[in-house]
Amino acid sequence: MDSEANGGERFGGRRAIVIGGSVAGLVAARVLSDHFDEVVILERDPLPEGAVFHRGVPQARHVHALLLRGLEALESLFPSLRADLDVAGAVTVDSGRELRWYHTGGFNVDCEGAPVVCAQSRPLLEGLIRQRVRAIPNVRLRDGVEVAGLLPSPGSTGGVEGVRIRAPEAAGQAPNATEELCAELVVDASGRGSQGSAWLEALGHPKPERSTVKVQVGYASRIYRRPEPSPYAWKILYVTEARLGAVVPIEDGQWIVTLGGMLGDYPPADEVGFLEFARNLATRELFEVISRAEPLGKIDVYRFPSHLWRRYERMKRMPDGFLVVGDALCSFNPIYGQGMTVAALEGLMLDNVLRAAGGRGDVRGLSRRFHAEAAKVVDVAWAAATEADLRIPEVEGERPFGFAFRSWYNQQVHELRLSDPEVALQFYRVMHLLDPSSKLYHPPVLTRVLGHAVRKVLERSPTKLVEARAGFRDVS
């Protein structure tokens with residue numbers, strides 16, 4: 001992606017620093033490489049070559065979904081990425097015909113024209129992106145380096161002009177010795193555990209507000225050999241009720257199987273407990289599938305306490321020269337598969353903001369503009385994910401205005417997509433962030449939802465129809 005080819009000037013900066021070398025950081029570095037002479041990625045953990053798990057992404061051993069809007073955004077930044085995924089063994093899945101999804105008491109209906117996505121492991125996707133970023137001439141990746149804090153701009157501007165880092169110990173160097181690295185722009189992509197708020201506080205800025213929805217989700221995942229040829233018509237199997245389960249194909253002829261529960265109902269990490277948890281999902285189909293499959297490794301667990309959105313867009317004094325992306329900005333319940341897609345869209349938003357600056361290389365106001373625009377992207381995903389979780393009464397979090405109606409309406413949509421292909425198609429397009437959620441309220445879906453709701457009432461109490469007709473005759 002070339003900045004000028006996309007209708008704007010190169011920002012004209014000298015150096016940018018990205019804290020964190022995971023997907024969000026790699027995407028940010030790719031964008032910044034079009035606008036700065038030099039981009040330096042600082043990653044705390046050693047980064048492997050290829051599709052290898054690394055410590056800095058503990059959730060990488062579990063199912064990861066890349067929504068179609070996210071894949072499209074990544075393709076605009078890394079052309080032919082989808083072809084590279086195909087070559088590396090990713091599995092193409094037609095979500096309208098090859099996804100079997102149990103929810104609200106039944107399985108989804110097949111539909112034509114639904115998003116076609118790629119299924120692969122997180123390490124494969126991240127490894128391919130990292131390989132592309134490493135090849136960019138003006139990007140330098142330094143791993144094994146810990147960021148200790150931000151450098152304040154000189155004078156009383158309240159801005160940021162770089163970072164302090166702790167490099168690996170070397171001969172003749174004192175333990176924990178720090179190094180200063182200056183830059184016009186610092187991007188925090190260090191993940192959910194970001195220390196960005198504390199770093200700003202050390203410079204005299206208030207911490208940003210935090211929005212949270214406490215879900216206490218726990219996952220357990222295992223790799224299985226995928227049977228070839230497959231005896232199943234589906235490629236992906238989901239079960240999402242009180243407990244959840246997923247069977248997703250990845251490269252090398254494998255399945256990744258993830259089980260999960262909320263509010264402390266965590267799947268066990270032992271063989272017997274894992275299978276028993278699967279047996280007690282809302283449908284036994286997933287249990288029957290994995291009980292016949294060959295496991296290829298141990299069971300890995302992961303805990304996720306809450307949705308977390310650091311509201312940098314609400315700060316009255318956001319320092320120039322510092323901005324936040326990815327999970328460091330907002331982390332979602334992983335079940336909804338939104339994190340990587342939102343990070344990719346934030347990358348496109350960053351490019352737009354840099355191009356709009358007009359080639360002056362001036363970071364004043366840049367952070368405020370970016371966070372205001374990024375909040376629009378985050379808000380769409382946040383509303384979809386948190387409102388789904390907030391339907392569970394025990395989940396702690398603020399129910400927004402209109403929540404009760406939207407919760408009721410979305411329940412009707414989920415029930416309808418079990419039998420109505422048109423509703424199912426529109427639901428998938430909204431889920432993949434291809435269409436706004438308002439599309440579910442347009443007449444083609446709205447009329448079906450209202451008809452479905454009326455039919456349910458009449459089925460529960462047929463006499464109501466007789467009474468309603470009698471009342472209508474009396475009035476007329």
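Because the structure is a prediction, the values reported are computed rather than measured. We're numbering straight along the sequence, starting at 1.
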Looking at [atom1] of [X] and [atom2] of [Y], how far apart are the two atoms once the value is rounded to the nearest 0.5 Å?
X: E387; Y: S437; atom1: CD; atom2: OG; value: 8.5 Å
X: L141; Y: L42; atom1: CG; atom2: CG; value: 8.5 Å
X: L329; Y: R311; atom1: CG; atom2: CZ; value: 9.0 Å
X: T92; Y: R82; atom1: OG1; atom2: CZ; value: 6.0 Å
X: R69; Y: L71; atom1: CZ; atom2: CG; value: 10.5 Å
X: S367; Y: L323; atom1: OG; atom2: CG; value: 5.0 Å

Notebook entry, point to check: Taking the six-membered ring for Trp, is the centroid-to-centroid distance between Y219 and F304 below 6.0 Å?
Noted result: no
Check: [X]/[Y] side-chain N/O donor and acceptor closer than 3.5 Å:
X: R192; Y: S306; answer: yes
X: Q426; Y: D435; answer: yes
X: S194; Y: D188; answer: yes
X: T386; Y: H307; answer: no
X: Q195; Y: S190; answer: no
X: T258; Y: R61; answer: no

Does the side chain of [X] reach to within under 4.5 Å of the side chain of [Y], using non-hydrogen atoms?
X: H62; Y: R122; result: no
X: D37; Y: R10; result: yes
X: P319; Y: H205; result: yes

Determine whether a donor-acceptor pair (N or O, by modelled atom type, separation under 3.5 Å) exists between the side chain of [X] and the backbone of [Y].
X: Q254; Y: R226; value: no
X: R15; Y: V40; value: no
X: D143; Y: L47; value: yes
X: R368; Y: M315; value: yes

Notebook entry, point to check: Below 4.0 angstrom, N of the basic side chain to O of the carboxylate: do K235 and D94 qualify?
Noted result: no
Next item on the list: I would like to know whether D389 and N333 meet side-chain hydrogen bond (donor to acceptor under 3.5 Å, both in side chains); could you show each step before the answer?
Entry: CA-CA 9 Å; D389 286 341; N333 183 345; 3.0 Å; yes
Which heavy atom of [X] sits nearest to which heavy atom of [Y], and what is that distance?
X: A344; Y: G70; result: CB-O, 4.0 Å
X: G365; Y: D320; result: N-OD1, 2.9 Å
X: Y428; Y: G96; result: CE1-CA, 4.4 Å
X: G326; Y: E346; result: N-OE1, 2.7 Å

Note to self: In terms of relative ring orientation, are H371 and Y312 parallel, tilted or perpendicular, with 30° and 60° separating the classes?
What the structure shows: parallel
Next item on the list: Determine the sole option in H414, K439, H432 for which the side chain to side chain contact (heavy atoms under 4.5 Å, CB included) test with F427 is passed.
Entry: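 Considering H414, K439, H432, a side chain to side chain contact (heavy atoms under 4.5 Å, CB included) with F427 is found only for H414.
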Item checked: Qualifying residue for side chain to side chain contact (heavy atoms under 4.5 Å, CB included) with V160, from I17, V363, L203 ->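 With V160 as partner, I17, V363, L203 yield a single side chain to side chain contact (heavy atoms under 4.5 Å, CB included), made by L203.
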Next item on the list: For the pair S121 and E251, evaluate side-chain hydrogen bond (donor to acceptor under 3.5 Å, both in side chains) and give the outcome as yes or no after the intermediate values.
Entry: CA-CA 7 Å; S121 70; E251 62 276 9; 2.5 Å; yes
Note to self: Can you see whether W408 has R406 sitting over its ring - NZ or CZ less than 6.0 Å from the centre and within 45° of the normal?
What the structure shows: no
Note to self: Could you go through R14 and E184, starting from their C-alpha distance and side-chain angles, then the distance that decides it, and tell me whether this counts as salt bridge (Lys or Arg N to Asp or Glu O under 4.0 Å)?
What the structure shows: CA-CA 7 Å; R14 293 184 298 277; E184 292 149 283; 3.8 Å; yes
Item checked: Step-by-step salt bridge (Lys or Arg N to Asp or Glu O under 4.0 Å) determination, R448 to E422 -> CA-CA 10 Å; R448 286 172 161 87; E422 293 299 319; 5.4 Å; no
Note to self: Between R314 and E209, is the salt bridge (Lys or Arg N to Asp or Glu O under 4.0 Å) condition met? List the steps.
What the structure shows: CA-CA 7 Å; R314 295 180 179 175; E209 297 176 29; 2.9 Å; yes
